[in-house]
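By convention in this document, chain letters (A, B, ...) are assigned in the order of the sequence lines, proteins followed by strands, and residues within each chain are numbered from 1.
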Number of protein chains: 2
Amino acid sequence: MKNTIQKTAIMNALMALDHPTADEVYECVHNEFPSISKATVYRILNRISEEGEILHLQIPDGADRFDTTLCAHHHLKCNKCGKVCDVDVPELDGIEKRIKEENGFSIGGYRLVFSGLCSDCIFKKSD
Amino acid sequence: MKNTIQKTAIMNALMALDHPTADEVYECVHNEFPSISKATVYRILNRISEEGEILHLQIPDGADRFDTTLCAHHHLKCNKCGKVCDVDVPELDGIEKRIKEENGFSIGGYRLVFSGLCSDCIFKKSD
DNA sequence: TCCTAATTGAGAACTGTTTTCGATTAGGAT
DNA sequence: ATCCTAATCGAAAACAGTTCTCAATTAGGA
(Lines give C-alpha, C1' and ligand atoms only; values in the text may rest on other atoms or scores of the structure.)
Protein backbone atom coordinates (compact mmCIF):
# COMPACT_ATOMS: atom_id res chain seq x y z
CA MET A 1 0.00 0.00 0.00
CA LYS A 2 1.37 3.36 -0.98
CA ASN A 3 2.03 5.81 1.78
CA THR A 4 0.00 8.80 0.69
CA ILE A 5 -0.66 12.09 2.42
CA GLN A 6 -4.32 11.11 2.50
CA LYS A 7 -3.64 7.90 4.37
CA THR A 8 -1.51 9.69 6.95
CA ALA A 9 -4.19 12.31 7.50
CA ILE A 10 -6.80 9.62 7.98
CA MET A 11 -4.66 7.71 10.46
CA ASN A 12 -4.21 10.92 12.44
CA ALA A 13 -7.93 11.55 12.41
CA LEU A 14 -8.59 8.02 13.64
CA MET A 15 -6.23 8.61 16.57
CA ALA A 16 -7.95 11.89 17.45
CA LEU A 17 -11.52 10.62 17.26
CA ASP A 18 -13.41 8.05 19.33
CA HIS A 19 -15.18 5.36 17.32
CA PRO A 20 -15.80 7.75 14.42
CA THR A 21 -18.00 7.09 11.43
CA ALA A 22 -16.51 7.44 7.96
CA ASP A 23 -18.23 10.78 7.69
CA GLU A 24 -16.72 12.02 10.94
CA VAL A 25 -13.29 10.99 9.70
CA TYR A 26 -13.99 12.85 6.46
CA GLU A 27 -15.05 16.00 8.32
CA CYS A 28 -11.93 15.89 10.46
CA VAL A 29 -9.50 15.31 7.59
CA HIS A 30 -11.32 17.78 5.39
CA ASN A 31 -10.50 20.60 7.80
CA GLU A 32 -6.77 20.42 7.23
CA PHE A 33 -6.95 18.91 3.75
CA PRO A 34 -9.98 20.39 1.97
CA SER A 35 -9.39 18.67 -1.34
CA ILE A 36 -9.81 15.13 0.00
CA SER A 37 -12.68 13.16 -1.45
CA LYS A 38 -15.17 11.15 0.53
CA ALA A 39 -14.50 8.20 -1.75
CA THR A 40 -10.87 8.29 -0.67
CA VAL A 41 -11.86 8.22 2.99
CA TYR A 42 -14.07 5.18 2.45
CA ARG A 43 -11.41 3.49 0.33
CA ILE A 44 -8.65 3.97 2.86
CA LEU A 45 -10.80 3.00 5.83
CA ASN A 46 -11.79 -0.19 4.06
CA ARG A 47 -8.24 -0.93 3.04
CA ILE A 48 -6.70 -0.51 6.47
CA SER A 49 -9.49 -2.37 8.23
CA GLU A 50 -9.06 -5.29 5.83
CA GLU A 51 -5.38 -5.30 6.69
CA GLY A 52 -6.24 -5.41 10.37
CA GLU A 53 -4.86 -2.00 11.31
CA ILE A 54 -8.25 -0.89 12.61
CA LEU A 55 -11.60 -2.51 13.35
CA HIS A 56 -14.62 -1.92 11.17
CA LEU A 57 -17.71 -1.95 13.38
CA GLN A 58 -21.23 -2.32 12.12
CA ILE A 59 -23.47 -0.56 14.57
CA PRO A 60 -27.22 -1.05 14.43
CA ASP A 61 -29.26 1.89 13.22
CA GLY A 62 -26.52 3.96 11.75
CA ALA A 63 -23.30 4.32 9.89
CA ASP A 64 -20.40 1.97 10.40
CA ARG A 65 -17.73 3.05 12.85
CA PHE A 66 -14.00 2.48 13.06
CA ASP A 67 -11.98 1.56 16.11
CA THR A 68 -8.25 1.80 16.66
CA THR A 69 -8.44 -0.42 19.74
CA LEU A 70 -7.73 -3.85 18.39
CA CYS A 71 -8.09 -6.03 21.49
CA ALA A 72 -11.55 -5.20 22.93
CA HIS A 73 -14.11 -6.49 20.51
CA HIS A 74 -17.45 -5.56 21.96
CA HIS A 75 -19.31 -2.32 22.37
CA LEU A 76 -21.92 -0.42 24.28
CA LYS A 77 -23.94 2.08 22.33
CA CYS A 78 -25.98 4.74 24.07
CA ASN A 79 -29.29 5.29 22.35
CA LYS A 80 -29.53 8.83 23.67
CA CYS A 81 -26.14 10.48 23.19
CA GLY A 82 -24.96 8.06 20.52
CA LYS A 83 -21.66 7.40 22.25
CA VAL A 84 -20.01 4.06 21.60
CA CYS A 85 -17.56 2.55 24.05
CA ASP A 86 -15.59 -0.63 24.45
CA VAL A 87 -16.47 -3.44 26.81
CA ASP A 88 -14.98 -6.84 27.57
CA VAL A 89 -17.27 -9.85 27.48
CA PRO A 90 -15.25 -12.77 28.82
CA GLU A 91 -18.50 -14.77 29.02
CA LEU A 92 -18.04 -15.43 25.32
CA ASP A 93 -14.52 -16.85 25.60
CA GLY A 94 -14.51 -20.22 23.92
CA ILE A 95 -17.93 -19.79 22.35
CA GLU A 96 -16.49 -20.63 18.91
CA LYS A 97 -15.61 -24.10 20.11
CA ARG A 98 -19.02 -24.82 21.61
CA ILE A 99 -20.93 -23.59 18.56
CA LYS A 100 -18.66 -25.59 16.31
CA GLU A 101 -19.27 -28.75 18.30
CA GLU A 102 -22.99 -28.31 18.74
CA ASN A 103 -24.00 -26.74 15.42
CA GLY A 104 -21.16 -27.61 13.07
CA PHE A 105 -20.95 -23.91 12.34
CA SER A 106 -17.47 -22.48 12.00
CA ILE A 107 -17.40 -18.97 13.40
CA GLY A 108 -15.16 -16.58 11.52
CA GLY A 109 -15.99 -13.60 13.65
CA TYR A 110 -18.69 -11.89 15.54
CA ARG A 111 -19.60 -8.61 17.00
CA LEU A 112 -21.79 -7.84 19.92
CA VAL A 113 -23.30 -4.41 20.37
CA PHE A 114 -25.30 -3.65 23.45
CA SER A 115 -27.81 -0.84 23.00
CA GLY A 116 -29.11 1.07 25.94
CA LEU A 117 -28.39 4.09 28.07
CA CYS A 118 -24.97 5.10 29.30
CA SER A 119 -24.38 6.18 32.88
CA ASP A 120 -24.42 9.85 31.83
CA CYS A 121 -27.73 9.66 30.02
CA ILE A 122 -29.64 7.33 32.29
CA PHE A 123 -30.73 10.09 34.65
CA LYS A 124 -31.54 12.63 32.00
CA LYS A 125 -35.14 13.33 31.15
CA SER A 126 -36.60 11.29 28.31
CA ASP A 127 -37.14 14.22 25.93
CA MET B 1 -53.82 -1.48 13.68
CA LYS B 2 -56.18 -2.11 10.80
CA ASN B 3 -56.43 -5.62 9.53
CA THR B 4 -55.71 -5.15 5.86
CA ILE B 5 -55.30 -7.69 3.09
CA GLN B 6 -51.71 -6.50 2.78
CA LYS B 7 -50.94 -7.23 6.39
CA THR B 8 -52.40 -10.72 6.17
CA ALA B 9 -50.41 -11.49 3.03
CA ILE B 10 -47.20 -10.30 4.71
CA MET B 11 -47.85 -12.41 7.81
CA ASN B 12 -48.36 -15.43 5.57
CA ALA B 13 -45.14 -14.70 3.73
CA LEU B 14 -43.27 -14.41 7.01
CA MET B 15 -44.53 -17.84 8.04
CA ALA B 16 -43.46 -19.36 4.73
CA LEU B 17 -40.00 -17.85 4.61
CA ASP B 18 -36.95 -18.33 6.81
CA HIS B 19 -35.38 -15.12 8.14
CA PRO B 20 -36.40 -13.19 5.03
CA THR B 21 -35.29 -9.72 4.09
CA ALA B 22 -37.91 -7.09 3.39
CA ASP B 23 -37.25 -7.59 -0.29
CA GLU B 24 -37.80 -11.35 -0.06
CA VAL B 25 -41.09 -10.71 1.70
CA TYR B 26 -42.01 -8.27 -1.05
CA GLU B 27 -41.19 -10.80 -3.79
CA CYS B 28 -43.25 -13.47 -2.08
CA VAL B 29 -46.28 -11.28 -1.47
CA HIS B 30 -45.99 -9.70 -4.89
CA ASN B 31 -46.60 -13.07 -6.54
CA GLU B 32 -50.13 -13.41 -5.27
CA PHE B 33 -50.78 -9.71 -4.88
CA PRO B 34 -49.00 -7.86 -7.69
CA SER B 35 -50.23 -4.41 -6.80
CA ILE B 36 -48.57 -4.27 -3.39
CA SER B 37 -46.00 -1.56 -2.91
CA LYS B 38 -42.57 -2.02 -1.44
CA ALA B 39 -43.25 0.91 0.87
CA THR B 40 -46.19 -1.01 2.29
CA VAL B 41 -44.01 -4.03 2.97
CA TYR B 42 -41.47 -1.91 4.83
CA ARG B 43 -44.21 -0.08 6.70
CA ILE B 44 -45.97 -3.23 7.85
CA LEU B 45 -42.75 -5.04 8.78
CA ASN B 46 -41.69 -2.06 10.88
CA ARG B 47 -45.08 -1.78 12.48
CA ILE B 48 -45.41 -5.41 13.51
CA SER B 49 -41.82 -5.63 14.72
CA GLU B 50 -42.33 -2.55 16.87
CA GLU B 51 -45.37 -4.23 18.36
CA GLY B 52 -43.29 -7.30 19.13
CA GLU B 53 -45.04 -9.69 16.75
CA ILE B 54 -41.79 -10.42 14.93
CA LEU B 55 -38.10 -9.66 15.45
CA HIS B 56 -36.25 -7.15 13.33
CA LEU B 57 -32.67 -8.36 12.87
CA GLN B 58 -29.82 -6.21 11.70
CA ILE B 59 -27.39 -8.48 9.95
CA PRO B 60 -23.90 -7.24 9.07
CA ASP B 61 -23.18 -6.70 5.41
CA GLY B 62 -26.68 -6.77 4.10
CA ALA B 63 -30.32 -6.01 4.40
CA ASP B 64 -32.21 -6.38 7.64
CA ARG B 65 -34.05 -9.64 8.21
CA PHE B 66 -37.22 -10.55 10.04
CA ASP B 67 -37.78 -13.49 12.36
CA THR B 68 -41.05 -15.00 13.55
CA THR B 69 -39.26 -16.95 16.29
CA LEU B 70 -39.52 -14.70 19.29
CA CYS B 71 -37.56 -16.64 21.91
CA ALA B 72 -34.14 -17.34 20.35
CA HIS B 73 -32.34 -14.06 20.04
CA HIS B 74 -29.03 -14.87 18.42
CA HIS B 75 -28.02 -15.91 14.97
CA LEU B 76 -25.47 -17.65 12.84
CA LYS B 77 -24.93 -16.25 9.38
CA CYS B 78 -23.14 -18.24 6.73
CA ASN B 79 -20.88 -16.07 4.64
CA LYS B 80 -21.09 -18.44 1.70
CA CYS B 81 -24.74 -19.42 1.25
CA GLY B 82 -26.12 -16.47 3.18
CA LYS B 83 -28.34 -18.62 5.36
CA VAL B 84 -29.22 -17.28 8.78
CA CYS B 85 -30.23 -19.58 11.60
CA ASP B 86 -31.09 -19.31 15.26
CA VAL B 87 -28.78 -20.24 18.10
CA ASP B 88 -29.02 -20.09 21.86
CA VAL B 89 -26.23 -18.40 23.77
CA PRO B 90 -26.87 -19.09 27.44
CA GLU B 91 -23.37 -17.77 28.18
CA LEU B 92 -24.89 -14.32 28.00
CA ASP B 93 -27.63 -14.94 30.57
CA GLY B 94 -27.38 -12.25 33.19
CA ILE B 95 -24.93 -10.13 31.23
CA GLU B 96 -27.20 -7.09 31.63
CA LYS B 97 -26.72 -7.19 35.37
CA ARG B 98 -22.94 -7.45 35.21
CA ILE B 99 -22.58 -4.64 32.66
CA LYS B 100 -24.92 -2.47 34.70
CA GLU B 101 -22.88 -3.01 37.85
CA GLU B 102 -19.48 -2.64 36.27
CA ASN B 103 -20.10 0.06 33.66
CA GLY B 104 -23.27 1.78 34.83
CA PHE B 105 -24.64 1.11 31.37
CA SER B 106 -28.26 0.05 31.20
CA ILE B 107 -28.71 -2.46 28.41
CA GLY B 108 -31.98 -2.14 26.55
CA GLY B 109 -31.24 -4.88 24.09
CA TYR B 110 -28.58 -6.55 22.09
CA ARG B 111 -28.07 -8.80 19.21
CA LEU B 112 -25.26 -11.15 18.48
CA VAL B 113 -24.57 -12.36 14.96
CA PHE B 114 -21.89 -14.93 14.38
CA SER B 115 -20.46 -14.87 10.87
CA GLY B 116 -18.75 -17.88 9.44
CA LEU B 117 -19.44 -21.03 7.50
CA CYS B 118 -22.35 -23.35 8.08
CA SER B 119 -21.91 -27.11 8.20
CA ASP B 120 -23.14 -27.45 4.61
CA CYS B 121 -20.72 -24.90 3.19
CA ILE B 122 -17.63 -25.68 5.21
CA PHE B 123 -16.52 -28.53 2.95
CA LYS B 124 -17.33 -26.82 -0.32
CA LYS B 125 -14.54 -25.40 -2.39
CA SER B 126 -13.73 -21.75 -1.76
CA ASP B 127 -14.68 -20.53 -5.25
C1' DT C 1 14.71 10.84 -13.89
C1' DC C 2 11.52 7.73 -15.81
C1' DC C 3 7.89 4.50 -15.63
C1' DT C 4 3.91 2.35 -14.25
C1' DA C 5 0.82 0.51 -11.14
C1' DA C 6 -1.51 2.43 -7.30
C1' DT C 7 -4.11 6.05 -5.86
C1' DT C 8 -6.84 10.09 -6.19
C1' DG C 9 -11.10 13.52 -6.77
C1' DA C 10 -15.52 14.28 -8.54
C1' DG C 11 -19.58 12.77 -9.21
C1' DA C 12 -22.70 9.20 -10.76
C1' DA C 13 -24.59 4.97 -9.30
C1' DC C 14 -26.17 1.83 -6.12
C1' DT C 15 -28.69 -0.48 -2.08
C1' DG C 16 -31.73 -0.47 1.47
C1' DT C 17 -35.05 2.22 3.56
C1' DT C 18 -38.15 6.16 4.62
C1' DT C 19 -41.01 9.96 3.31
C1' DT C 20 -44.44 12.47 0.72
C1' DC C 21 -48.86 12.97 -1.04
C1' DG C 22 -53.06 12.21 -3.12
C1' DA C 23 -56.25 8.22 -3.40
C1' DT C 24 -58.33 4.26 -1.13
C1' DT C 25 -60.24 1.56 2.65
C1' DA C 26 -61.40 -0.66 7.26
C1' DG C 27 -64.38 -0.61 10.61
C1' DG C 28 -66.81 2.04 14.30
C1' DA C 29 -70.77 5.33 14.67
C1' DT C 30 -75.27 6.37 13.00
C1' DA D 1 -76.76 -0.65 5.43
C1' DT D 2 -74.53 3.80 4.98
C1' DC D 3 -71.51 7.35 6.36
C1' DC D 4 -67.35 9.13 8.14
C1' DT D 5 -62.71 9.59 9.08
C1' DA D 6 -58.40 8.16 10.56
C1' DA D 7 -55.54 4.57 9.03
C1' DT D 8 -53.56 2.76 5.26
C1' DC D 9 -52.29 2.37 0.63
C1' DG D 10 -49.35 2.78 -4.07
C1' DA D 11 -46.14 5.30 -6.65
C1' DA D 12 -42.47 7.79 -6.87
C1' DA D 13 -39.21 10.86 -4.95
C1' DA D 14 -36.02 11.47 -1.28
C1' DC D 15 -32.72 9.88 1.67
C1' DA D 16 -28.33 7.86 3.95
C1' DG D 17 -24.49 5.33 3.59
C1' DT D 18 -21.44 3.41 0.57
C1' DT D 19 -19.28 1.86 -3.77
C1' DC D 20 -18.08 2.46 -8.50
C1' DT D 21 -16.30 4.75 -12.77
C1' DC D 22 -12.94 7.10 -15.07
C1' DA D 23 -9.70 10.41 -16.28
C1' DA D 24 -5.87 12.72 -13.90
C1' DT D 25 -2.24 12.50 -10.50
C1' DT D 26 1.43 10.42 -7.75
C1' DA D 27 4.56 7.27 -4.98
C1' DG D 28 8.36 4.91 -5.15
C1' DG D 29 11.11 1.21 -7.44
C1' DA D 30 14.13 0.61 -11.73
What's the closest nucleotide to the side chain of A:Thr40 if the choices are D:dT8, C:dT8, C:dT17? C:dT8
Base, sugar-phosphate, or nothing: which does A:Asp23 touch, judged by heavy atoms less than 4.0 Å apart? nothing
Across the strands shown, which category fits B:Ala63 at heavy-atom distances under 4.0 angstrom: base, sugar-phosphate, nothing? sugar-phosphate
Would you please confirm or rule out a distance under 4.0 Å between OP1 or OP2 of D:dT19 and any side-chain N or O of A:Tyr42? no
Nearest-Å distance, NZ (B:Lys7) to P (C:dG27)? 10 Å
Can you tell which of D:dA7, C:dT8, D:dG17 lies closest to the side chain of B:Lys2? D:dA7
More than 12 foreign heavy atoms under 6.0 Å from CD1 of B:Ile5: is that the case here? no
Check whether any side-chain nitrogen or oxygen of B:Gln6 sits under 4.0 Å from OP1 or OP2 of C:dT25, and answer yes or no. no
Can you tell me if the side-chain N/O atoms of B:Asn46 get under 4.0 Å from OP1 or OP2 in C:dT17? no
Ring centroid separation B:His74 to A:Tyr110 under 6.0 Å: no
Closer than 4.0 Å, any side-chain N/O of B:Arg65 to the OP1 or OP2 of C:dG16? no
May I ask you to decide whether A:Lys7 forms a salt bridge with A:Glu53, counting only side-chain N to carboxylate O separations under 4.0 Å? yes
Between C1' on C:dT15 and CD on B:Glu24, what's the gap in Å once rounded to a whole number? 14 Å
Strictly below 4.0 Å, N to O, side chains only: are A:Asp18 and A:Lys83 in salt-bridge contact? no
Scan B:Thr21 against the nucleic acid and name what it touches under 4.0 Å (heavy atoms): base, sugar-phosphate only, or nothing. nothing
For D:dA11 and B:Ser37 - does any side-chain N or O of the residue sit under 4.0 Å from the phosphate oxygens OP1/OP2? no
Can you identify which nucleotide, out of C:dT17, C:dT7, D:dT18, has its nearest atom closest to the A:Arg47 side chain? C:dT7
Rounding to a whole Å, what distance do you find between B:Asn3:CG and C:dG27:C1'? 11 Å
Just how far, in rounded Å, is C1' of D:dG17 from CZ of A:Phe66? 11 Å
To the side chain of B:Arg43, which of C:dC21, C:dT8, C:dT17 is closest? C:dC21
Between D:dC9 (C1') and B:Ile44 (CD1): distance, integer Å: 9 Å
What is the distance, rounded to the nearest whole Å, between atom CE of A:Met1 and atom P of D:dG28? 11 Å
Quick one: B:Asp64 CG to D:dG17 P, roughly how many Å, whole number? 14 Å
Keeping B:Thr69 on the side-chain end and B:Ala72 on the backbone end, is there a donor-acceptor pair under 3.5 Å? no
Any strand: nucleotide that pairs with C:dC3 via Watson-Crick or wobble, under 3.5 Å: D:dG28
Side-chain H-bond candidate by donor/acceptor type, B:His73 with B:Asp88, under 3.5 Å: no
Side chain of B:Thr4: nearest nucleotide among C:dG9, C:dA26, D:dT18? C:dA26
Mind calculating the distance between CD (A:Glu27) and P (D:dG17) to the nearest angstrom? 12 Å
